[in-house]
Amino acid sequence: MNVRSLDQSGILAWLREERPERLRELYAWADAVRRENVGDAVHLRGLIEISSHCERQCMYCGLRKANRSLERYRMTREEIEECARTAVRLGYGTVVMQAGEDDALTAEWIADVVAWIKRATPLAVTLSLGERATGELKLWREAGADRYLLRFETSDPHLYRAIHPQRFAGSGHRLMLLKELKSLGYEAGGGVMVGIPGQSYASLAQDLVAFRDFDLDMIGIGPCIAHPATPLGSGELRPAIDPEEQAPSDEQMVYKMIALARILCPNANIPSTTALATINREHGRKMGLQAGANVVMPNLTPVKYRPLYQIYPAKACIEESAADCNQCLRGQIRSIERFPGRGPGGRGAFEVDTDALAAAAPQLVQLEEQRYGL
Ligand code: SAM
Ligand code: SF4
């Protein structure tokens with residue numbers, strides 16, 4: 001198999017592939033590309049869901065403003081700082097501050113929190129606060145934010161408009177904002193949901209090409225689990241599509257997307273997501289890691305807030321404490337013979353497992369002695 005054979009029709013053929021033996025080949029290919037380009041480290045990014053308030057009306061997300069049945073919260077600065085200290089204690093290299101598009105999170109307030117984390121800890125800071133003004137993004141970058149996550153959800157402009165109503169007249173596709181983030185010096189993360197009603201296989205193939213063309217630093221891919229209190233979840237909105245063309249939102253489809261993203265973007269950071277763990281609690285995250293992913297995002301949000309950050313119901317990992325999540329994920333990583341990454345783990349950081357190397361040192365010395373007759 002050759003990456004050059006992966007033009008749009010080659011990608012489409014893989015997305016439609018169902019034969020288990022062929023899919024095993026695809027995942028093994030992606031796993032080999034992953035090992036060669038980003039190594040065996042799995043980077044842990046501590047996720048802090050800082051506010052569930054949102055001004056948007058995304059047609060799939062439980063945090064949309066029109067969902068009045070959800071109790072909302074906003075974390076205090078002290079709570080966020082405590083989460084950052086926990087991240088350091090647990091040995092993470094990055095914290096991800098994520099929220100709805102919440103205007104009460106003012107640009108200055110976020111900049112202050114970012115600056116404190118950068119001053120007081122060795123952590124990299126990723127922001128995922130939705131579509132914000134250029135001046136705000138610039139201020140946060142100057143305060144020290146390293147990365148910005150903004151999934152573009154789908155590259156199909158018609159579907160995008162249908163599921164992601166504009167907040168301000170004239171605001172463009174999120175792909176344009178990703179370009180801006182890159183020009184501001186952020187590591188930029190995009191991504192899509194898989195199996196959005198109305199999303200075709202061909203449109204997913206186009207998404208993969210967009211990942212490569214935009215040279216994304218991070219790529220988040222997860223199943224669409226439309227919240228029942230949303231137009232897509234209730235069935236009130238049904239984008240028209242030939243049923244033969246509709247991409248499923250099942251785990252296999254997500255693994256295929258992760259694998260193809262890895263092959264097309266060999267050194268990007270690709271998480272195995274919580275949404276994947278939600279549709280397969282026991283194996284979802286590990287299978288994602290074995291199909292090309294190299295990042296996991298343990299939850300650091302205080303347990304009292306977690307059920308309220310309800311982008312979809314029955315989300316995985318909402319009852320465990322930060323320490324439990326940490327232990328569980330480290331166990332999963334070791335069980336597939338990988339090792340937790342150290343340090344910020346930005347794009348292009350290639351790490352070796354120094355503990356494993358140290359443990360294997362006596363054997364290596366012996367091998368060398370045999371080989372060279374010492
Ligand atoms: N508000 C910010 C934004 O939209 O980028 C950050 C938070 S938002 C919850 C982060 C991501 O969650 C979205 O980009 C979307 O891909 C994902 N998401 C939201 N609702 C979802 C759902 N019902 N199923 C799966 N993923 C969902
Ligand atoms: Fe708000 Fe983000 Fe959910 Fe859209 S996806 S409703 S912007 S939290």
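Predicted, not measured: the structure shown is a model, and the values here were computed from it. As the structure lists them, so they are numbered: ligands from 1, and atoms in each ligand from 1. For this chain, numbers begin at 1 and follow the sequence in order.
For the pair Asn67 (side chain) and Gly62 (backbone), a donor-acceptor distance under 3.5 Å is present. In this structure, Thr301 contributes its side chain and Glu49 its backbone to a donor-acceptor pair below 3.5 Å. Checking side-chain atoms of Arg45 against main-chain N and O of Pro344 turns up a donor-acceptor pair under 3.5 Å. The main-chain N or O of Gly195 is found under 3.5 Å from a side-chain atom of Gln199 such that the two form a donor-acceptor pair. A distance-only check finds no donor-acceptor pair linking the side chain of Gln252 to the backbone of Glu18 [under 3.5 Å].
Side-chain contact check for Ile333 versus Val296: some heavy-atom pair is nearer than 4.5 Å. Proximity of Arg285 to Leu329: side-chain heavy atoms (C-beta onward) are separated by under 4.5 Å at one or more points.
Taking the six-membered ring where the residue is Trp, the centroids of Tyr60 and His227 are separated by 6.0 Å or more.
The shortest N/O to N/O separation between Leu149 and ligand 1 does not fall below 3.5 Å. Taking only nitrogen or oxygen atoms, main chain and side chain alike, Ile225 reaches within less than 3.5 Å of ligand 1. For ligand 1, the polar-atom distance check finds an N/O of Arg174 within less than 3.5 Å of one of the ligand's N/O atoms. Considering backbone and side-chain N/O atoms, Gln98 never comes within less than 3.5 Å of an N/O atom of ligand 1. When only interatomic distances are considered, the shortest N/O to N/O separation between Arg151 and ligand 1 falls below 3.5 Å.
By the 6.0 Å and 45° rule, Arg16 stacks over the aromatic ring of Tyr201. Geometrically, Arg141 engages Tyr186 in a cation-pi contact, judged by NZ or CZ lying under 6.0 Å from the ring centre and within 45° of the ring axis.
Nearest-residue assignment for atom 1 (N) of ligand 1 (options Ser249, Cys54, Ala99, Gly233; heavy-atom criterion): Ala99.
Atom CD of Glu55 is surrounded by more than 12 heavy atoms from other residues, nucleotides or ligands within 6.0 Å. The 12-atom threshold is not exceeded at CD of Gln327, counting heavy atoms of other residues, nucleotides or ligands nearer than 6.0 Å.
Contact atoms of ligand 1 toward Gly100: 1 (N) (distance under 4.0 Å to a heavy atom of the residue). Against a heavy-atom cut-off of under 4.0 Å, Cys54 is close to the following atoms of ligand 2: 1 (Fe), 6 (S), 7 (S), 8 (S). Which parts of ligand 1 touch Tyr60 is read off a 4.0 Å heavy-atom cut-off, strictly below it: atoms 19 (C), 20 (N), 21 (C), 23 (N). Near Glu153, the atoms of ligand 1 lying under 4.0 angstrom from a non-hydrogen atom of the residue are 13 (C), 14 (O), 15 (C), 16 (O). In the vicinity of Tyr309, heavy-atom distances shorter than 4.0 Å reach the ligand 1 atoms 7 (C), 9 (C). Remark: ligand 1 atoms within the under-4.0 Å shell around heavy atoms of Cys61 are 19 (C), 20 (N). Contact atoms of ligand 2 toward Gly100: 8 (S) (distance under 4.0 Å to a heavy atom of the residue). Counting atoms of ligand 1 from 1 in the listed order, those under 4.0 Å from a heavy atom of Ser128 are 6 (C).
Distances from ligand 1 to the non-hydrogen atoms of Gly191 include no value under 4.0 Å. At least one heavy atom of Pro223 lies less than 4.0 angstrom from ligand 1.
Atom 4 (Fe) of ligand 2 does not have His164 among its coordinating residues (no N/O/S atom, backbone or side chain, under 2.8 Å).
Atom 3 (Fe) of ligand 2 is flagged as protein-proximal [any protein heavy atom, distance under 4.0 Å]. Closer than 4.0 Å to atom 11 (C) of ligand 1 lies none of the heavy atoms of the protein. Within a 4.0 Å radius of atom 8 (S) of ligand 1, the protein contributes no heavy atom.
At a 4.0 Å heavy-atom cut-off, ligand 1 does not touch Tyr148 at all.
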Verdict with reasoning, Glu131 to His164, per side-chain hydrogen bond (donor to acceptor under 3.5 Å, both in side chains)
CA-CA 12 Å; Glu131 294 161 50; His164 190 82; 2.7 Å; yes

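For atom 7 (S) of ligand 2, the nearest non-hydrogen atom of the protein is Arg56 CG, 3.4 Å. What sits closest to atom 27 (C) of ligand 1 on the protein, heavy atoms only, is Met193 SD, 3.6 Å.
Each of Arg74, Arg167, Lys65 was scored for a salt bridge (charged side-chain N to carboxylate O under 4.0 Å, His left out) with Asp103, with one residue passing: Arg167.
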